[in-house]
Novice: 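Okay, here's the structure, questions in a sec.
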Amino acid sequence: MRNALTLLIALAAVTFVVLAGCKDQGNEAGSGGVTEDSVKLGLFVSTTGAIADFGLATKNGADIAVSEINAAGGINGKQVELVFYDIASKPEEAKSAATKLATQDKVLVGMGAVASSLSLTAAPTFQTNGVPMVSPSSTFPPVTEKGDLIFRICFTDEFAGAALAQFAFEDLGKRKAAIIMNQDDPYSTGLANYFKARFEQLGGKVETTEKFANNTSDFNTQVDNVKSATPDIVFAPVYYNDITLIGQQLRGKGVTVPILGSDGWESPTLLKNAAKDLEGCYFGNHYSQNDPDEMVQGFIKTYADKHGDKPSSLAALGYDVVYFVKNAVDKAGTFDRAKVAGAMRNTKDLKGVTGTYTIDNKRNASKPITMLKITGGKVEMVRQIMPEEVK
Ligand code: PHE
């Protein structure tokens, strides 16, 4: 009897110690970023450097989602603590932010980067350390091929390139394209290839593909070659800083046909600097500010009240990525990273500001692309192209 009692007391003590141990770390095996009353989520984007506009907007959007979530009680009862690193538009900074987030801060999930080239250098570090990474906006297909913990909540360039080619061929009736692309940027070269493949499959012809290197500001050679190819459309899958100069220089040499771009054109400075040169041009993007949807308009209002201007698609994706993580933790019912990643893989019909999306078996979001037109110094929505429309 005494022995049984001693055994019971010993068992109770062990159970207490084990439970207390768990509570101290506030987590079970494999879980991440959890303290007594908070959960840490990492954010790594560029708020300085060549593409600072992208990261500033993303962070603003993410901050709004975090405030809303915390005001409503947090994620799974824990307040969200955002651990932020500016990766300064540099691949080596992206890698070092990934290392810090995964091994020092031990976040539950890393959210970033925007530019595909930067996500590519960060992804392997997250994968090796067992920390899920979700890019809000990197569209280059190989990003999510870095491992089964790497996700994106945006469409891929494979989809965007094909959708843009169909738009040029079918909606605009164009047959002769010229491409200008950044040979050093995987996002740019990827889109150029996907566009060409679909445009030519439809019966169009890409007359010339003009390449330039990072940090080019004189596009004379490329513009001359485009001009002599006499295209009826120019495809420029480049970032906003480059299209500003390319637009100016094409118009300066009398090339007046529409220019078509993708999400990289998105920036608050685009219309300020290039509205005249890009009048009548089109680009594909992740959402439209004209979308009457209540959730979209609600987010636009909150953002505008706080920042004075309307949110870009980067801000919308920054907002959506935080809710994507929340949804996965809610579904998993735990902060166990592997289970959270499992819930991410099973995400279906999740509504965001950037549309309703499903994560496919390659951990990419299947969702529409929104075609926008620059007209009268403003951006207007032309139409959405749905995933099932694109071959
Ligand atoms: N899709 C771009 C890339 O992968 C980044 C981007 C997203 C830029 C959205 C602007 C808007 O590099």
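Each ligand, and each atom within it, is numbered from 1 in the order the structure gives.
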Novice: Please identify which atoms of ligand 1 are closer than 4.0 Å to at least one heavy atom of Val114.
Specialist: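 This gives 3 (C), 4 (O), 5 (C), 6 (C), 12 (O) as the contact atoms.
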Novice: Describe, in one word, how the ring planes of Phe155 and His286 are oriented to each other, choosing from parallel (under 30°), tilted (30 to 60°) and perpendicular (over 60°).
Specialist: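 Parallel, since the angle between the ring planes stays under 30°.
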Novice: Short N/O distance, under 3.5 Å, between Asp263 and ligand 1?
Specialist: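 Min N/O separation from ligand 1 is below 3.5 Å for Asp263.
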Novice: Look only at interatomic distance and state if Ser137 has a nitrogen or oxygen under 3.5 Å from any nitrogen or oxygen of ligand 1.
Specialist: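 So ligand 1 has an N or O lying under 3.5 Å from an N or O of Ser137.
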Novice: What I want to find out is whether Lys59 reaches Asp86 closely enough, with some N-O distance under 4.0 Å, to be called a salt bridge.
Specialist: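 Asp86 and Lys59: not salt-bridged.
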Novice: Looking at Ser138, which atoms of ligand 1 are within less than 4.0 Å of one of its heavy atoms?
Specialist: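 Counting atoms of ligand 1 from 1, those under 4.0 Å from Ser138 are 4 (O).
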Novice: Which ligand 1 atoms are under 4.0 Å away from a heavy-atom of Ser116?
Specialist: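 Listed by number with element, the hits are 3 (C), 4 (O), 12 (O).
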Novice: Enumerate the atoms of ligand 1 whose separation from the nearest heavy atom of Tyr187 is less than 4.0 angstrom.
Specialist: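 The list of qualifying atoms is 1 (N), 2 (C), 3 (C), 4 (O), 12 (O).
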Novice: Backbone N or O of Pro311 within a donor-acceptor pair of the Gln289 side chain at under 3.5 Å?
Specialist: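 A pair under 3.5 Å: yes.
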Novice: Distance to the ring centre below 6.0 angstrom and angle to the axis at most 45 degrees; does that hold for Lys205 and Phe199?
Specialist: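 No, Lys205 does not lie over the aromatic ring of Phe199.
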Novice: Of the choices Phe54, Phe140, Tyr239, which has the non-hydrogen atom that lies closest to atom 12 (O) of ligand 1?
Specialist: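 When every heavy atom of Phe54, Phe140, Tyr239 is considered, Tyr239 comes closest to atom 12 (O) of ligand 1.
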Novice: Is there a polar contact, in the sense of an N or O pair closer than 3.5 Å, between Thr139 and ligand 1?
Specialist: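 So ligand 1 has an N or O lying under 3.5 Å from an N or O of Thr139.
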Novice: So, Asp157 and Thr139: side-chain donor and acceptor under 3.5 Å apart, yes or no?
Specialist: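 Present: a donor and an acceptor within the cut-off.
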Novice: Any atoms of ligand 1 less than 4.0 Å from a non-hydrogen atom of Ala115? List them with their elements.
Specialist: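 Every atom of ligand 1 under 4.0 Å from some heavy atom of Ala115: 12 (O).
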Novice: Taking Asp224 first and then Lys253, would you say they form a salt bridge - that is, a charged N and a carboxylate O separated by under 4.0 Å?
Specialist: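 So Asp224 pairs with Lys253 through a salt bridge.
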Novice: Any Lys/Arg nitrogen of Lys306 or Asp63 sitting under 4.0 Å from an Asp/Glu carboxylate oxygen of the other?
Specialist: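 No, this pair does not count.
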Novice: Record the part of Leu314 in heavy-atom contact with ligand 1 below 4.0 Å; permitted values are side chain, backbone, both and neither.
Specialist: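 Contact part for Leu314 vs ligand 1: side chain (C-beta onward).
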